Amino acid sequence: MPGLSHLYFRSAIVFLIVGISVGIHMSVSGNHNVIGAHAHINLLGWVTSALFGGYYALNPAKATGRLPMVQYFIYTIGVVIMGGSLYLLLQGNLGMEPIVAASSLITFAGVLLFAWVVFMPAGAGVHATPRAAE
């Protein structure tokens, strides 16, 4: 399995632990005002990272080169910042709104880079032109 898959699976597990911890905290406190952050951490962090890792495991030629690693870092940093800033925003820290917005765009950029990796030919590198399904 490519190293990038391992990175994604490890990140996914960390996101799962954080997401479940937020859920347990909400349950124990009876305060569910951060449910949006809980959902984003679990869906974008745990589920999507695991799916990205699975894709790269099934397509190891797509996990090579600089672009897939750049995609991993952009996406993961975006989700980390978004999850934390959204949690703080939902706790009432309105100053976090621009950070949530910016990190959402960073996360989306990571998704767009992943789409590029999926559609470009394997081993084509950063400057490849995507082509129709092979």
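FYI, the numbering just counts along the sequence from 1. All values reported here derive from a predicted model rather than from experimental measurement.
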Exercise. Sequence neighbours excluded, which residues qualify as side-chain contact (heavy atoms from CB on, under 4.5 Å) partners of Ile74?
Worked result: Val70, Ile106, Ala109, Leu113
For this session: Enter the distance from Ile35:CD1 to His40:NE2 here, rounded to the nearest 0.5 Å.
Result: 12.0 Å
Exercise. Should Phe73 and Ile41 be counted in the same cluster of Ile, Leu, Val, Met, Phe, Trp and Tyr side chains packed under 4.5 Å apart?
Worked result: yes
Seminar exercise, completed: Residue pairs passing the side chain to side chain donor-acceptor pair (under 3.5 Å) test with at least one member in residues 94-108, sequence neighbours excluded, are none
Exercise. What do you reckon, are the aromatic ring centroids of Phe52 and Phe114 less than 6.0 Å apart?
Worked result: yes
Side chains of residues 10-26: which donor-acceptor partners sit under 3.5 Å, not counting sequence neighbours?
from: Ser11; atom 1: OG; to: Leu7; atom 2: O; distance (Å): 2.9
from: Ser11; atom 1: OG; to: Tyr72; atom 2: OH; distance (Å): 2.6
from: Ser21; atom 1: OG; to: Ile17; atom 2: O; distance (Å): 2.7

Exercise. Distance from Leu86 atom CG to Ile81 atom CD1, nearest 0.5 Å?
Worked result: 13.0 Å
Problem set entry | Co-membership, hydrophobic cluster, residues Ile77 and Met96, 4.5 Å side-chain | yes
Exercise. What heavy-atom pair brings Gly65 and Pro68 nearest, and what distance separates the two atoms?
Worked result: O-CD, 3.6 Å
For this session: Starting from Leu105, walk the hydrophobic network (Ile, Leu, Val, Met, Phe, Trp, Tyr; side-chain heavy atoms closer than 4.5 Å) and list everyone else you reach, by chain and number.
Result: none
For this session: Output all residues satisfying side chain to side chain donor-acceptor pair (under 3.5 Å) with Tyr87, sequence neighbours left out; order by chain, then residue number.
Result: Gln91
Exercise. Are the side chain of Tyr75 and the backbone of Leu44 linked by a donor-acceptor contact shorter than 3.5 Å?
Worked result: yes
For this session: Heavy atoms only: give me the nearest Ile99-Ser85 pair and the separation to one decimal.
Result: CG2-CB, 3.6 Å
Problem set entry | Shared hydrophobic cluster, Leu67 / Val118 (ILVMFWY, side-chain heavy atoms < 4.5 Å) | yes
Please tabulate, one pair per line, all N/O donor-acceptor pairs under 3.5 Å involving side-chain atoms of residues 53-60, not counting sequence neighbours.
from: Tyr56; atom 1: OH; to: Gln71; atom 2: OE1; distance (Å): 3.1
from: Asn59; atom 1: ND2; to: Tyr55; atom 2: O; distance (Å): 3.0

Exercise. For Lys62 and Phe119, which heavy atoms make the closest approach, and how far apart are they?
Worked result: NZ-N, 4.3 Å
Problem set entry | Any donor-acceptor pair under 3.5 Å from Thr48 side chain to Leu43 backbone | yes
